[in-house]
Amino acid sequence: MSGDGFEPRIVAFLCNWCSYAGADTAGVSRLELPPNILPVRVMCSGRVSAEMVLKALLSGADGVLVLGCHIGDCHYGSGNHRTVKRIPLLRRLMTYMGIEPDRLRLDWVSGAEAGHFAKITTEFVEAVRALGPLSLPLREDLDTG
Amino acid sequence: MKFIETRALHEWLDRLAQEMPLIAPTAVGPQEKAPGSRNPAAQGQQVFYREVEGAAQIAWDFTRTALSAREHFMPKTETLFTIETGPDGKAVLHETKLAQPRVFFGIRPCDARGLRVLDAVMLGQEPADVYYAQRRQNTTLVGLACPQMWEDCFCNSVGGAPDAADDVDILLIQVEGGFAVQVVTAKGERLAAGMGLQEVERLELPQPKLNEQFALPTQQQWLASFNDVYWQRVGDRCLSCRICSYVCPTCRCFDVRDETVVTPQGERIVRRVRAWDSCQGVNYRVQAGGANPRANLEQRLRNRFYCKYYYVPIDYAADGCVGCGRCVIACPVNIDIREVLQDLARREPA
Amino acid sequence: MIEDIRALARELLEKGAVKCVIGYEVGPTGRVRPAFVYEPGEVERLIFDGRCDQNLVTYLTRRNKPRKKGEEVPTTAVVVKPCDARSLRVLLNEHQVQRDKVYIIGVACHGMQNADGTPELRCTRCDQRVPLLYDALCGEPPEVLAVRDAYEDVQQIEALPLEERLAYWLGELDRCIRCYACRQACPTCFCSVCEAERDDSLWVGIADRIPEKAFFHIIRAFHQAGRCTECNACEAVCPMGIPLSLINRKIAKDVAQMMGGYRAGESEEPTPLVTMLTGEEAIDEIH
Amino acid sequence: MMDAGRHPNIELLSYSAVVDVQGYVGNFQVRVKKKPRYIDLTKCTGCGECVKECPVEVDSEFEVGLTKRKAIYRPFAQAIPPAFVIDKRPSPCKSTCPAHIPVQGYIALIGQGKYDKALALIRETTAFVGTLGRVCHHPCELECKRKDVEAPLAICALKRFAYDVAAPTAPPPAPVERVYGEKVAIVGTGPAGLSAAYDLVRMGYGVTVYEALPVAGGMLAVGIPAYRLPKDVLQQEIDYIKALGVEIKLNTPIGRDGGPTLEDLRRDYDAVFLAVGAHRSRQLNVPGEDLPGVLHSTDFLRALNLGQEVKIGKRVAVIGGGNAAIDAARSALRLGSQVTIVYRRSRAEMPAIPAEVDAAEEEGIAFHFLATPVRILGENGRMTAMECIRMELGAPDESGRRRPVPVPSSEFTLEVDTVIVSIGQQPDLAPLAGVEATGWGTLTADPDTMATPVEGVFAGGDAVTGPASAVWAVAAGKRAAESIHRYLRGLDLRQGRVFEWPKAADIQVEIPAGIEKAARREMAALPMAERKSTFKEVELGFTEEEARAEAARCLSCAVCSECQECVKLCEAKAIDHNMREEFVDLEVGTIIVATGFADFDPTRLPQYSYGRSPNILTGMEFERLTSAGGPTGGEILTAEGKVPERVAIIHCVGSRDVNANRHCSRVCCMYALKHAHLVREMTGAEVYEFYMDMRTFGKGYEEFYERVQEDGVIFVRGRGTEVRVREDGKLVVRAEDTNLGRPVSATVDMVILGTGMEARPDADQVARLFGLGRTADGFFAEAHPKLRPVETNTEGVFLAGTCQGPRDVPDTVAHASAAAAQALALMSKGVVTISPTVSHVLTRFCTGCGKCVLACPYNAISLNGDGKAEVNAALCKGCGTCAAACPSDAIVPLHFTDDQLVAQIVGVLQ
């Protein structure tokens with residue numbers, strides 16, 4: 001791993017039907033996956049609210065990855081259509097507030113795309129690693145008087 | 001009569017800031033804003049009581065600060081203690097460090113007077129709030145008298161005065177070339193010893209311009225008005241925000257919660273947090289089980305006035321309002337406490 | 001114009017068509033504030049001029065809900081500027097106001113003024129001079145329209161380097177005291193319990209620290225996506241002078257750009273975040 | 001299959017399609033479109049008599065195009081139900097015809113030489129066969145799809161042929177028996193009035209038709225000159241109508257000259273149909289119009305047709321561009337005058353039938369286009385000339401035609417002594433007190449039902465539309481007759497009627513590849529000299545050869561020609577050509593989807609040369625070839641009819657192929673072995689089997705493989721890579737033998753392609769309809785690949801068979817049985833268990849903003865009476881999109897609540 005010892009912590013929201021299955025397939029296929037990915041399973045990427053992304057970032061995650069079914073393949077028909085409106089909009093707002101856009105990524109992984117899952121997660125971990133830790137004043141005034 | 005030249009005062013303050021925390025009025029925020037804005041807060045920099053590094057940072061010509069002195073005795077947020085996992089895997093409780101000696105310079109007489117209510121609530125009965133008590137004991141108040149009553153001030157109607165020395169340790173009154181100094185308490189004496197004060201025979205103290213005094217409603221009037229439709233009419237306009245409580249020097253409601261936070265290092269910490277709360281918020285009065293006796297907005301708004309003028313005087317024998325005028329200015333829909341008081345005072349006791 | 005509003009208000013109250021007229025009045029210290037008129041005899045209190053910049057639509061949500069179960073909702077008349085009408089449209093779209101319980105006194109707007117008489121910034125980029133919906137229209141609209149909003153203020157922030165943006169917002173949000181005046185003044189923030197105030201501190205705690213404040217403001221803005229009509233009410237009431245509109249306008253700008261030019265309150269279609277099922281290809285954030 | 005068809009608890013909805021599915025498990029509402037099969041299933045005995053006279057033949061789908069079938073057919077011998085079906089599609093000609101005469105039917109019959117049947121068929125719709133065959137403006141021909149080959153059929157001329165050849169010998173009709181007591185009065189004996197009379201009398205009503213003129217036929221009689229429509233033709237057709245029992249009262253105007261009034265008719269009859277036509281000519285409104293020598297075309301033609309003496313000058317100008325103008329001009333020419341037509345627009349905008357304009361020009365009539373008279377000049381009360389002005393075309397007017405505008409100072413003078421004005425007609429409504437008129441001076445009537453605002457009074461034809469073509473009048477008469485029938489029987493005037501027919505442009509017709517071009521026949525015409533001087537009919541009609549050749553050009557777009565021959569043959573009276581598509585709404589608790597697979601189309605892999613030789617067959621085609629009921633009676637023969645000596649079988653065509661489908665189709669190895677065995681057994685031919693690897697899973701399969709090896713089949717391990725068609729017709733198959741590691745080839749007489757299974761092309765629509773997911777191979781997705789192979793992710797919807805993935809017959813039966821068992825399990829329990837992951841509303845927090853309602857993909861959320869969101873747990877699938885949309889956190893997907901997810905987020909970050 002990298003020289004400076006920084007290991008980003010990435011919260012990955014994976015939809016049950018495609019991306020979680022894709023992660024499973026990647027595991028079964030014994031693909032090398034970065035250990036930095038901390039998966040949280042949701043039934044649909046449409047479940048991932050802006051609150052959840054922010055909560056992860058403010059709770060110490062260095063990046064958030066949202067993975068869903070490809071457009072048109074949503075198990076629920078239209079759930080990922082909501083995601084694809086919501087997450088890019090949040091990404092822009094975050095960037096506007098001064099947080100690097102590369103700390104949030106939305107992508108699609110189907111249940112069969114083990115290689116794609118490995119590629120996306122590796123890419124994302126490396127991108128966040130390059131950015132360094134997310135430094136928001138999290139522990140400010142912890143012992144203030 | 002004691003006197004200090006402006007330059008000597010500045011030098012003393014600069015020295016003081018090296019020795020201990022010095023809190024004083026100072027301008028905060030970006031300068032380039034919207035000077036013409038209808039929102040006074042948006043017009044330019046606002047003055048707050050903040051820790052300063054020397055006299056140069058102090059805002060000398062200020063009317064009143066955006067927030068009262070309360071935030072330095074009862075901070076908006078304070079961590080009471082934390083629980084962390086120790087090296088042996090057991091939980092360790094860390095108590096928050098208690099306050100160091102400090103000087104609060106430039107406090108307005110009305111803000112100092114507001115501390116009476118906080119004292120009554122936090123210290124008036126056992127057990128005293130240790131966090132508040134420590135800050136209070138370790139702080140020497142150096143008051144700065146108002147040269148006049150500003151627009152929207154009404155301290156003289158609620159028993160105060162722009163140059164009242166009653167609640168400070170030292171009071172400074174600006175005069176030609178410097179400040180007249182009234183050392184009020186023993187704590188003030190100790191601080192004043194280092195100030196290098198001059199003794200002058202006679203000093204012409206300015207007479208501050210006062211605003212017209214008005215009569216407050218009587219207790220009977222308050223009692224009789226509780227169920228009046230009047231509160232609905234005032235409540236019509238109210239947005240149910242908390243500006244009035246948060247800018248108020250005598251509001252002291254708080255909430256306490258235990259929170260779990262994860263540090264960037266991935267450690268989990270539990271902390272007990274105390275933060276300001278306001279009776280204007282809809283959740284304030286919710287009881288376990290969900291009942292809310294003040295679910296309606298006008299009930300909450302009414303509570304604010306009764307708290308200041310009826311409950312506090314009876315419960316704590318203190319004046320609940322010091323007439324600083326902050327809520328008058330800050331209310332976005334112009335609910336003017338003076339108007340409410342005068343409306344009620346005009347009413348026939350039922 | 002003022003006379004038109006007063007005459008209409010009197011007529012509505014006399015006929016019993018409405019129980020209350022919400023308009024503007026001048027308070028005892030000369031400040032303009034919302035006025036609630038219940039009696040025909042009181043209509044002389046009502047005024048309208050360039051100082052009447054509050055968005056009175058905010059008051060409709062609570063008035064359009066029965067105070068007790070089964071109680072009939074009274075009809076309310078409200079003075080509505082073009083910008084306010086967009087907020088009202090959003091409330092109608094989201095079932096917060098019953099159209100037949102509101103009588104809309106539309107005013108042809110000549111723009112609002114600052115305290116120093118200069119035009120309000122938001123009015124210089126507004127090209128609507130007549131409300132999109134009203135029951136009666138008072139006044140004549142001016143001929144000259146402002147140029148449609150180009151979001152120059154938002155672009156200025158966007159042009160800053162990332163770290164300067166962060167510093168800017170940390171500085172601004174630092175002053176926030178979580179008084180929630182922004183939320184309370186906002187016509188389209190109408191949750192009965194705001195998720196930032198939950199008893200269980202689900203998303204944010206009660207502390208007044210940067211993470212909590214950032215969370216609150218970002219999420220409030222995000223909840224306004226496709227709904228904020230840029231009426232500026234939040235910024236106008238902030239006791240700390242935080243430029244909150246800059247956040248909400250950023251969202252409005254992005255929604256318009258990413259979602260087919262959607263502008264909140266201009267159509268009966270609610271926010272595209274829950275209605276639109278197309279346009280994915282236009283969103284460049286997808287890799 | 002037979003058992004299923006006979007089972008009392010199984011209702012088969014064949015020839016049907018599901019068009020909508022609503023609801024949820026236990027409570028599905030399914031809407032099924034039953035396509036009209038035109039055969040009553042309860043009556044059809046499946047005897048097959050009907051097929052005998054059917055004139056239409058198309059490729060048989062079941063025999064994969066190896067044989068033909070008729071338009072009325074049984075899809076295959078063992079079909080369930082065993083009933084027949086008529087393949088009937090919309091035809092552009094019938095759709096376009098205002099009277100909807102079954103064009104394709106009489107053309108098919110003419111093509112078979114059944115002229116009397118053709119005439120009878122047309123007479124089912126209209127009595128005016130010979131008339132329309134002469135004067136119709138035939139919009140059908142504009143839409144005839146044959147125009148995409150070379151030219152449309154001469155439909156109108158064929159109709160005339162049917163009449164000319166069959167009518168003289170047809171026996172006169174017997175009067176129709178009265179069925180109903182009601183009597184109907186019809187005003188006007190034009191095509192509208194008599195068409196209504198014809199239909200009503202055949203329904204069994206008493207019909208009396210009033211005519212103001214001394215002759216019947218309306219404009220057909222007095223507006224159209226004899227050279228276009230000989231008097232005897234029209235008279236014979238009117239006599240035919242009269243013979244059915246229609247009473248015609250000539251010389252009896254309504255509301256004037258002592259005739260009965262409309263009120264009288266309403267009193268004396270049960271319904272009235274006004275078809276008074278448009279006989280009043282429009283005025284020019286120019287100075288000099290009152291000079292003698294200014295005539296109106298209606299008056300002129302009426303006088304001519306009634307045999308009255310008409311005086312016209314030597315130089316005649318006819319003003320106008322409609323059919324009446326051309327008729328007037330050509331009639332004037334025949335009276336010996338020199339004729340000029342003056343028309344204010346250009347030739348392209350002329351409303352007259354183009355062939356008529358051409359004929360007029362041939363006969364020597366001059367045209368002045370883009371000109372209009374401004375005044376008529378006279379001297380001593382005699383006409384000397386007409387002054388005209390030139391026009392140019394401006395912007396289009398409301399009729400879509402470009403509006404002519406005068407060119408300033410472009411006046412010119414024509415020396416004429418007679419002007420015949422023919423710029424439009426109006427009905428004369430003055431005598432019809434009590435009816436409503438439009439701004440155009442026509443009668444007000446519903447364009448669909450012909451009903452007027454007056455109770456019991458209907459109106460149609462030119463009187464309503466303004467002057468129009470005869471076929472429109474026929475159509476109006478027919479519509480009015482149906483409406484009057486409904487009115488008299490107390491039925492709804494509209495319910496169940498089709499007023500809008502499919503637009504010809506929307507009718508897709510596949511023109512057969514390799515169709516040979518054949519020129520359109522034109523009728524012979526009278527010699528020019530005779531044409532110019534007499535009123536003899538100009539067009540002479542088709543000869544029999546011409547007619548049959550022309551009829552043979554028909555593409556049979558409609559497949560069924562509606563010749564009604566089958567109806568006559570069916571003893572069970574099971575055939576109903578008027579059947580319409582029906583919608584059946586079903587309430588069901590569970591749904592089993594068993595839509596099957598699609599056979600891979602090998603033309604997508606051109607290396608196999610499929611379609612380039614008739615001896616390259618798909619497995620399915622070979623299967624038909626070996627069937628006793630197949631095209632060769634079960635013999636394995638090449639297209640040349642010979643027994644093949646060498647046959648190659650190629651496995652994995654369209655399967656296990658990155659260029660087609662990646663999946664294994666599972667059944668092809670075994671059917672290929674079966675084919676190899678059959679070929680060996682039945683022909684003794686050498687068989688080469690090209691395979692990748694042999695997949696003989698299943699009971700007895702490997703044993704069969706061994707047996708086929710013992711049969712002497714030559715197995716080549718390697719995918720067949722190419723089939724080349726040699727010039728001598730032999731087929732060369734190339735492959736790489738991976739056992740030998742070198743390329744091999746075989747020259748054979750027949751190639752069987754082991755085509756695989758793939759998802760049906762409409763699988764995406766079906767998936768959407770039933771809320772199914774699909775796997776990467778396109779087949780429907782099961783709920784779990786191992787544990788829930790027949791369930792889908794939509795509760796209550798199960799999969800059976802190859803729609804879920806390739807499988808052979810035993811597996812399909814097992815799968816289907818499993819699906820049935822699953823469905824039965826639900827039924828027997830009567831309650832369903834759903835996943836507990838459903839959303840739940842915390843009403844305290846809900847503001848009723850409705851965002852969750854919009855975001856829910858399942859319409860599971862609605863706002864209740866209190867304005868709060870409410871989740872129908874049976875519909876909710878637990879995706880949680882609602883929760884992400886809710887700003888108040890008022891809706892929580894159980895097991896994925898905000899609290900639980902936040903705990904997870906915080907947990908993973910620890």
Side-chain angles (χ1 to χ4, degrees), chain B residues 28-30 33-46 48 66-67 71 75-77 79 151-152 233 236-237 239-247 255-259 261 271 273-278 280-283 286 296-297 328-330 332-336 338-339 342, chain C residues 20 22 25 27-29 31-36 38 51 53-54 58-59 62-63 67 112-118 120-121 168 171-172 174-175 177-185 192-194 197-201 204-209 211-212 233 235-243:
Chain B
V28 171
K33 293 192 95 173
S37 175
R38 221 163 265 292
N39 178 356
Q43 285 169 355
Q45 288 188 304
Q46 286 177 289
F48 289 87
L67 291 178
E71 58 170 333
K76 285 179 289 187
T77 300
T79 303
E151 196 187 344
D152 302 321
R233 293 292 168 265
D236 273 343
R237 214 155 64 228
L239 294 172
S240 196
C241 74
R242 303 161 179 200
I243 294 178
C244 48
S245 351
Y246 284 3
V247 297
D255 195 359
V256 177
R257 267 184 220 178
D258 292 346
E259 296 179 344
V261 287
R271 63 182 180 196
V273 176
R274 176 158 74 186
W276 287 359
D277 199 356
S278 163
Q280 300 306 298
V282 68
N283 275 353
V286 175
N296 282 341
L297 190 150
V328 175
I329 295 172
V333 290
N334 192 215
I335 294 176
D336 191 326
R338 300 168 298 177
E339 189 188 354
Q342 291 172 56
Chain C
C20 173
I22 311 180
E25 68 179 358
T29 54
R31 278 174 67 182
V32 170
R33 65 188 189 186
F36 296 73
Y38 293 86
R51 297 174 292 172
D53 67 342
Q54 280 139 331
T58 305
Y59 293 108
R62 58 169 111 128
R63 301 185 85 85
R67 290 168 68 93
M112 294 293 114
Q113 278 116 44
N114 286 319
D116 58 4
T118 55
E120 265 190 42
L121 203 55
Y168 173 78
E172 292 291 339
D174 183 48
R175 291 202 306 283
I177 55 174
R178 291 186 77 180
C179 69
Y180 299 127
C182 46
R183 184 189 75 196
Q184 296 302 112
S192 41
V193 178
C194 175
E197 273 199 278
R198 287 180 53 138
D199 299 343
D200 56 3
S201 298
V204 291
I206 56 172
D208 188 48
R209 299 189 174 96
E212 283 86 355
E235 186 170 322
V237 300
C238 179
M240 295 294 120
I242 301 170

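Residue numbers begin at 1 in each chain, while the letters A, B, ... track the order of the sequences.
- With chain C as the partner, the residue from B:G44, B:S245, B:P30 showing the most heavy-atom pairs under 4.5 Å is B:P30.
- For the atom pair CG of B:L297 and CD of C:Q184, the computed distance is 8.0 Å after rounding to the nearest 0.5 Å.
- When each of C:G27, C:P28, C:G205 is checked for heavy-atom pairs under 4.5 Å with chain B, C:P28 comes out on top.
- Note: C:Y38 OH to B:R233 CZ = 4.0 Å, rounded to the nearest 0.5 Å.
- For chain C, the nearby part of B:N283 is the side chain; its heavy atoms alone come within less than 4.5 Å.
- Contacts between C:D199 and chain B at a heavy-atom distance below 4.5 Å involve backbone atoms as well as side-chain atoms.
- Of all heavy-atom pairs between B:Q46 and C:P239, the closest is NE2-O, 3.0 Å.
- At least one donor-acceptor pair closer than 3.5 Å links the side chain of B:N39 to the backbone N or O of C:C238.
- C:E235 touches chain B through its backbone: at least one of N, CA, C or O sits under 4.5 Å from a heavy atom, while the side chain does not.
- When all heavy atoms of C:A181 and B:C241 are compared, the pair lying nearest together is CA-CB, 3.4 Å.
- Taking 4.5 Å as the limit, some side-chain heavy atom of C:M240 sits within range of a side-chain heavy atom of B:F48.
- Chain C forms more heavy-atom pairs under 4.5 Å with one residue of B:D255, B:I243, B:V273 than with any other, namely B:I243.
- C:E197 places no side-chain N or O within 3.5 Å of a backbone atom of B:G281 that could act as its donor or acceptor partner.
- If you take CD on C:E120 and OG on B:S37, they are separated by 7.5 Å, rounding to the nearest 0.5 Å.
- Only the side chain of C:R63 comes within contact range of chain B, judged by heavy atoms closer than 4.5 Å.
- Using a 4.5 Å cut-off on side-chain heavy atoms (C-beta onward), C:C179 and B:Y246 make contact.
- From B:E259, atom CD reaches atom OG of C:S201 across 5.0 Å, with rounding to the nearest 0.5 Å.
- Of the possible donor and acceptor atoms, one in the side chain of C:Y59 sits under 3.5 Å from a partner among the backbone N and O of B:R237.
- Between C:T29 and B:N334 the shortest side-chain heavy-atom distance falls below 4.5 Å.
- Atom OG1 of B:T77 sits about 7.5 Å away from atom CZ of C:R178, to the nearest 0.5 Å.
- Looking at C:V193, only its side chain comes within 4.5 Å of chain B, counting heavy atoms on both sides.
- Atom CD1 of C:I177 is separated from atom CH2 of B:W276 by 6.5 Å, given to the nearest 0.5 angstrom.
- In this structure, B:R38 and C:N114 approach most closely via the heavy-atom pair NH2-O, 3.2 Å.
- Only the backbone of C:A236 comes within contact range of chain B, judged by heavy atoms closer than 4.5 Å.
- Contact annotation for C:S192: only backbone heavy atoms (N, CA, C, O) come within less than 4.5 Å of a heavy atom of chain B.
- Heavy atoms closer than 4.5 Å to chain C are found in the side chain of B:L67, but not in its backbone.
- Contact of B:S240 with chain C is made through backbone and side chain together, with heavy-atom distances under 4.5 Å.
- Counting only distance, with no hydrogens or angles, the side chain of C:R62 and the backbone of B:D236 share a donor-acceptor pair below 3.5 Å.
- With respect to chain B, the highest number of heavy-atom pairs below 4.5 Å among C:G171, C:A115, C:G117, C:C182 belongs to C:A115.
- No part of C:T118 comes within reach of chain B, as not one of its non-hydrogen atoms sits under 4.5 angstrom from that chain.
- Checked by atom type, the side-chain pair C:R209/B:T79 shows a donor-acceptor distance below 3.5 Å.
- Between B:E339 and C:R33 a salt bridge is recorded (basic side-chain N to carboxylate O distance below 4.0 Å).
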